[in-house]
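Because only heavy atoms are used, hydrogens play no part in the values below, and waters and symmetry mates are left out as well, while side chains stay in.
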2 protein chains.
Amino acid sequence: MGLNQNKPSRGRPKTLDREHVLDVAMASYWKEDIGNLSLNEICRRCDISKPGLYREFLNEDGLMKAVILKYHQEVLSPVQQMLSHDAPFQATLDNLILFAVSADDSQGAPKGCLLIKMREAQMHLGEATRAQIDLIQEQAVATYKKWIECSQAKGEFTVDMTPEFAATYIDAQLGHASSQLARGEDPQMVKRILMAALSILK
Amino acid sequence: MGLNQNKPSRGRPKTLDREHVLDVAMASYWKEDIGNLSLNEICRRCDISKPGLYREFLNEDGLMKAVILKYHQEVLSPVQQMLSHDAPFQATLDNLILFAVSADDSQGAPKGCLLIKMREAQMHLGEATRAQIDLIQEQAVATYKKWIECSQAKGEFTVDMTPEFAATYIDAQLGHASSQLARGEDPQMVKRILMAALSILK
DNA sequence: CTAATTAAATACCAGTCGGTACAATAAGCG
DNA sequence: CGCTTATTGTACCGACTGGTATTTAATTAG
């Protein structure tokens with residue numbers, strides 16, 4: 001674990017491991033009540049001091065935005081890329097469903113999508129965090145839309161429905177499933193409901 | 001506003017208006033971030049002292065349970081009763097949709113269902129509160145199920161689907177719509193999505 | 001060596017939280 | 001009139017929060 005690459009070499013060497021902090025924070029936000037997870041607690045878990053965290057991330061808003069960015073890069077991007085491969089529409093949709101309800105049932109494992117959990121959190125989020133969530137959300141819907149337009153052109157998506165609405169509908173139902181999983185509902189039932197809801201696209 | 005009915009007539013007369021406190025608390029929980037609404041703030045809004053609130057409701061758990069109970073009686077019960085009238089299945093379903101997305105668009109008005117908002121809150125809820133939510137939830141699904149079984153017997157519900165699953169599905173989609181409204185999404189779009197999701201029941 | 005630079009952690013700030021001890025107050029009863 | 005009973009609000013508790021002022025430690029430049 002090599003902290004950072006380029007050392008401008010001056011002053012006391014940095015010991016704070018940014019990626020480690022982000023890993024710990026991401027896991028914590030993902031698994032626990034975001035609104036009740038304090039910066040103090042995160043510092044304790046990373047074994048860093050509070051001023052250290054503030055120097056690296058400016059404030060809570062900066063940390064959460066960085067966490068979201070990392071989550072998007074590491075978790076969401078691969079799924080979005082899947083939508084660009086030209087596999088059959090139904091196969092891709094099935095993969096999407098599988099990904100959405102794939103749950104590590106081990107105790108303490110995160111359930112559902114962190115981004116959606118944050119979007120649905122009732123708590124006040126910082127400006128940067130909120131903006132980042134909205135941006136990724138819009139990107140996701142746009143990606144769905146392109147995928148559907150593509151499938152429409154290939155004659156694999158034939159339902160009488162605008163790609164715009166279909167994209168919004170898929171995003172909504174996937175979000176719904178994630179929310180149910182996060183709440184602890186039975187993954188089998190979540191999958192049944194999700195498949196039923198998405199069956200209108202056939 | 002007549003505080004309470006029966007005075008056992010002894011000791012200092014009570015001035016705390018239980019129903020008023022519940023009204024204020026319900027509106028507050030409904031409109032704002034439940035996890036960030038403190039008892040201190042509720043006391044301020046009701047113009048009562050903190051020990052007064054604790055004497056009446058024991059603790060935060062007791063207050064929230066009482067709020068949920070009142071919400072169920074005043075808001076949810078009428079809807080559940082509608083399901084017992086033997087109107088045509090589709091008409092009742094339409095009414096359900098209308099009720100779910102009926103939103104007062106005035107600023108500061110509550111959006112969505114308070115019970116669902118509480119159910120989806122990530123924060124830790126007290127035992128009594130959690131139990132009360134689960135109870136009402138189960139009652140709701142059971143009511144949906146009976147309604148569907150009834151409609152099935154009348155030949156108005158003919159989809160190949162167990163009433164059990166249909167009830168769960170309806171509950172899930174109504175909850176989803178409520179959650180979207182609470183998040184501030186466009187009621188028209190929420191309605192479109194809800195109608196699309198429930199179209200599989202036709 | 002000293003000076004400059006950068007990051008470290010301790011110790012603190014005012015504010016808020018859920019919850020309570022306690023004394024004052026207001027009524028009926030004898 | 002006191003005595004009992006019940007409700008009131010003030011003033012407090014320790015714990016925690018997001019955030020910071022400040023000192024100390026570790027390094028390089030000259």
> Any side-chain N or O of A/Ser49 below 4.0 angstrom from OP1/OP2 of C/dA8?
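Negative; the distance criterion is not met.
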
> 5'-most contact on DNA chain D: A/Asn36 or A/Leu58, nearest heavy atom basis?
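Nearest-nucleotide comparison on DNA chain D picks A/Asn36.
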
> Taking atom CD1 of B/Ile48 and atom CG of B/Asp17, what is their separation to the nearest 0.5 Å?
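If we round to the nearest 0.5 Å, B/Ile48:CD1 and B/Asp17:CG are 10.0 Å apart.
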
> Whole Å only: how far is the OH atom of B/Tyr54 from the P atom of D/dT8?
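In whole Å, D/dT8 P and B/Tyr54 OH are 16 Å from each other.
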
> Rounded to the nearest angstrom, tell me the gap between atom CD in A/Glu60 and atom P in D/dT20.
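Result: 13 Å.
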
> Please report the interatomic distance CD(A/Gln122) to CE(B/Met118), rounded to the nearest 0.5 Å.
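Here the rounded value is 9.0 Å.
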
> What is the distance from CG of B/Leu53 to P of D/dT7, rounded to the nearest Å?
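Between P of D/dT7 and CG of B/Leu53: 15 Å.
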
> Considering heavy-atom distances to DNA chain C, does B/Arg12 or B/Asn40 have its closest nucleotide positioned more toward the 5' end?
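Its nearest nucleotide being more 5', the pick is B/Asn40.
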
> Going by modelled atom types, is there a donor-acceptor pair between the base of C/dT6 and the side chain of A/Arg10 at under 3.5 Å?
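No pair found.
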
> Could you state the atom-to-atom distance from CZ of B/Arg18 to P of D/dT8 in whole Å?
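So the two atoms are 13 Å apart, to the nearest Å.
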
> How large an angle, rounded to 10°, do the end axes of the helix from C/dC1-D/dG30 to C/dG30-D/dC1 enclose when each is built from five base pairs?
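Taking the rotation axis at each end, their angle is 30°.
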
> Is the phosphate of C/dA8 approached by A/Thr15 (side-chain N or O, under 4.0 Å from OP1 or OP2)?
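Answer yes for this pair, as a side-chain N or O of A/Thr15 is under 4.0 Å from OP1 or OP2.
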
> The test is side-chain contact (heavy atoms from CB on, under 4.5 Å); show your working for A/Arg18 and A/Lys70 and say whether it passes.
CA-CA 11 Å; A/Arg18 185 178 223 267; A/Lys70 188 181 175 76; over 6 Å; no

> Measure from the side-chain N and O atoms of A/Ser178 to the backbone N and O of A/Cys113, and report whether any donor-acceptor pair falls under 3.5 Å.
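Between the backbone of A/Cys113 and the side chain of A/Ser178 there is a qualifying donor-acceptor contact (under 3.5 Å).
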
> In whole angstroms, how far is the P atom of D/dG9 from the CZ atom of B/Arg55?
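Nearest whole value for this atom pair: 8 Å.
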
> Does A/Asn59 or B/Pro51 map to a spot on DNA chain D nearer the 5' end, using the closest nucleotide for each?
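It is B/Pro51, whose closest nucleotide lies nearer the 5' terminus.
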
> What is the distance from CG of B/Asp17 to P of D/dT7, rounded to the nearest Å?
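These atoms are roughly 15 Å apart.
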
> Does A/Arg44 have a side-chain nitrogen or oxygen under 4.0 Å from the phosphate oxygens OP1 or OP2 of D/dT17?
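Checking A/Arg44 against D/dT17: at least one side-chain N or O falls below 4.0 Å of OP1 or OP2.
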
> What about A/Lys50, does its side chain sit under 3.5 Å from the base of D/dG19 through a donor-acceptor pair?
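Such a pair exists between side chain and base.
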
> Output, in order, the C-alpha distance, side-chain angles, deciding distance and verdict of side chain to side chain donor-acceptor pair (under 3.5 Å) for A/Glu41 and A/Asn36.
CA-CA 10 Å; A/Glu41 181 61 24; A/Asn36 275 22; over 6 Å; no

> Is the ring pair A/Phe89/A/Phe157 parallel, tilted or perpendicular, if the boundaries are 30 and 60 degrees?
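Ring orientation of A/Phe89 relative to A/Phe157: perpendicular.
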
> OP1, OP2 of D/dC16 versus side-chain N and O of A/Ser38: anything below 4.0 Å?
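Checking A/Ser38 against D/dC16: no side-chain N or O falls below 4.0 Å of OP1 or OP2.
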
> Figure out the CG/P separation between B/Leu39 and D/dC13, and round it to whole Å.
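Distance check: B/Leu39 CG to D/dC13 P gives 20 Å.
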
> Given atom CD of B/Glu41 and atom P of C/dG18, what is their separation to the nearest angstrom?
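The answer, rounded to whole Å, is 10 Å.
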
> At what distance, to the nearest 0.5 angstrom, does CG of A/Leu194 lie from OH of B/Tyr169?
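The distance works out to 9.0 Å.
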
